[in-house]
2 protein chains.
Amino acid sequence: MARYGKEHREETRKRILESAGRRFKKDGLDGSGIATLMSDAGLTNGAFYAHFSSKDELVEAVLSEQLQAQVADFKALSPGRAGVAELVQMYLSPDHRDHPASGCPSAALLDEITRCSEGARRSYMSGFSEIVDEIAVRLVPADPSSVRGVAASVFAMMVGTVQMSRALTDRKLADELLAASTRHAFELLGLDHA
Amino acid sequence: MARYGKEHREETRKRILESAGRRFKKDGLDGSGIATLMSDAGLTNGAFYAHFSSKDELVEAVLSEQLQAQVADFKALSPGRAGVAELVQMYLSPDHRDHPASGCPSAALLDEITRCSEGARRSYMSGFSEIVDEIAVRLVPADPSSVRGVAASVFAMMVGTVQMSRALTDRKLADELLAASTRHAFELLGLDHA
DNA sequence: TGTACATCAGTGAACGCGCGTTCACTGATGTAC
DNA sequence: TGTACATCAGTGAACGCGCGTTCACTGATGTAC
């Protein structure tokens, strides 16, 4: 192989992180093997340990980068309360439910994260806190901490709703659940219905 | 081994189902091997296929029996709206969070269920519907279908909340999340705070 | 300018291990005579 | 009442397979002379 500049190694690592994010969200943490993850990134299994010391370290790094990306996406929406409404509507859309690989890591992996190492869970917690803070500060810029509880509960409702909607075999029922939770999320957040 | 009556086979099957339920909720579906599951039931790996034709069939049977048990537990609470309040408080208690093995199968396994066979997901859906119906009929006996949406959203919120509370490494934050969701579940359900 | 060498990201075969599954066997009991 | 046999839940070794991980090797390039 070519002798590359320093930035090449970084780029490969980032590529693994991103394709692993998609694979994990599609097939689960336990359901995704190293060989598959590397093949997704256009590499072979052996190269893995040049970038990560173990699968657990990869999981930790992926979780961190997935949540960071989610925060960034959220911040890119309309400013203020309008952006919160957009978030809720996108999150609870049939499109999000039907495409776990490109969706929210919490919705796809939360109960597997529950069983992860403390390091991975710490990665998760810091991302969670940032999202909750961002919702809160958009709702009540003058006193965000007063609505951190609602923000967290609504986020939990959205995560639970998408998971359930994915589990239900009856599409009509699954769609109704998304619609109902959208309504109630707006209600709890004190937002106007679109 | 002894030559037993017909009821013995049934009892053994039930014992496997129950211990597998606990193990699955503790270590996940993928994280629990046949040898471990059988050892939990006081048997050896080989005996498994005398009771189930595959691991997938076991998962389906366990999910069905777990949700059935949950419905039964719910029905055993105080009648009417009081029982719904009890359900919310028990579900969102630190005790439930800290003991996944004896807790709700949705909270422990929902995003793994998402990736299961359609049979297993159908088992899940029928249990889910029964729980939602039971909440709805207790809230508004005269017209349960009018509140099925709230019931479903609140159930989703409870599931998401317990999962998150389990993932968070900061116990104080985890406890605050449970408390906040209890408040907002009561609010959505139109129940008085205890 | 041309050649020998150092670099190092990536290769691919191999490791021991636990997985889901199969199967020949065991052995305590109820039944037949 | 005593013995031979049928039953069948459960045993435990073995199957091929994919897992996470290791490692000797490759080969295209930049650098040294």
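Reminder, nothing fancy here: chain letters follow the sequence lines and each chain counts from 1.
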Discussion item. Closer than 3.5 angstrom, by distance alone: can the side chain of B:Ser19 be matched with the main-chain N or O of B:Arg15 as a donor-acceptor pair?
Written reply: yes

Worksheet item: B:Met38 has an atom CE; how far is it from atom C1' of D:dA9, in whole Å?
Response: 10 Å

Worksheet item: Between B:Ser32 and B:Arg23, does any side-chain donor sit less than 3.5 Å from a side-chain acceptor?
Response: no

Worksheet item: Given side chains that start at C-beta, do those of A:Lys55 and A:Ile34 come closer than 4.5 Å, heavy atoms only?
Response: yes

Worksheet item: Rounding to a whole Å, what distance do you find between A:His8:NE2 and D:dG30:P?
Response: 13 Å

Fill in: Carboxylate-amine/guanidinium contact A:Arg122 A:Glu118, below 4.0 Å
yes

Item to complete: Not counting sequence neighbours, which residues clear side chain to side chain contact (heavy atoms under 4.5 Å, CB included) with A:Thr182? List them please.
Response: A:Val88, A:Gln89, A:Leu92, A:Phe186

Worksheet item: Atom CG of B:Asp30 and atom P of C:dG18: how far apart are they, to the nearest Å?
Response: 17 Å

Discussion item. Can you tell me which nucleotide in D:dA9, D:dG12, C:dA9 comes closest to the side chain of A:Arg9?
Written reply: C:dA9

Discussion item. Can you pull out every ring pair (Phe, Tyr, Trp, His ring centres under 6.0 Å) where at least one residue sits in residues 116-173 of chain B? Sequence neighbours excluded, please.
Written reply: none

Discussion item. Please list all pairs meeting ring pair (Phe, Tyr, Trp, His ring centres under 6.0 Å) that have one or both residues in residues 43-66 of chain A, counting only residues at least two apart or in different chains.
Written reply: A:Phe48-A:Phe52

Between the protein and nucleotides 21-25 of chain D, which nitrogen or oxygen pairs come in under 3.5 angstrom?
{"unit_1": "D:dT21", "atom_1": "OP2", "unit_2": "A:Tyr49", "atom_2": "OH", "d": "2.6"}
{"unit_1": "D:dT21", "atom_1": "OP2", "unit_2": "A:Lys55", "atom_2": "N", "d": "3.0"}
{"unit_1": "D:dT21", "atom_1": "O5'", "unit_2": "A:Tyr49", "atom_2": "OH", "d": "2.9"}
{"unit_1": "D:dT21", "atom_1": "O4", "unit_2": "A:Asn45", "atom_2": "ND2", "d": "3.4"}

Worksheet item: What dot-bracket string describes DNA chain D from 5' to 3', counting Watson-Crick and G-U wobble pairs whose defining distances are under 3.5 Å, with [ ] for crossing pairs and | for pairs to another strand?
Response: .||||||||||||||||||||||||||||||||

Item to complete: Could you list the residues that satisfy side chain to side chain donor-acceptor pair (under 3.5 Å) with B:Asn45, not counting sequence neighbours?
Response: none

Worksheet item: OP1, OP2 of D:dG10 versus side-chain N and O of B:His51: anything below 4.0 Å?
Response: yes

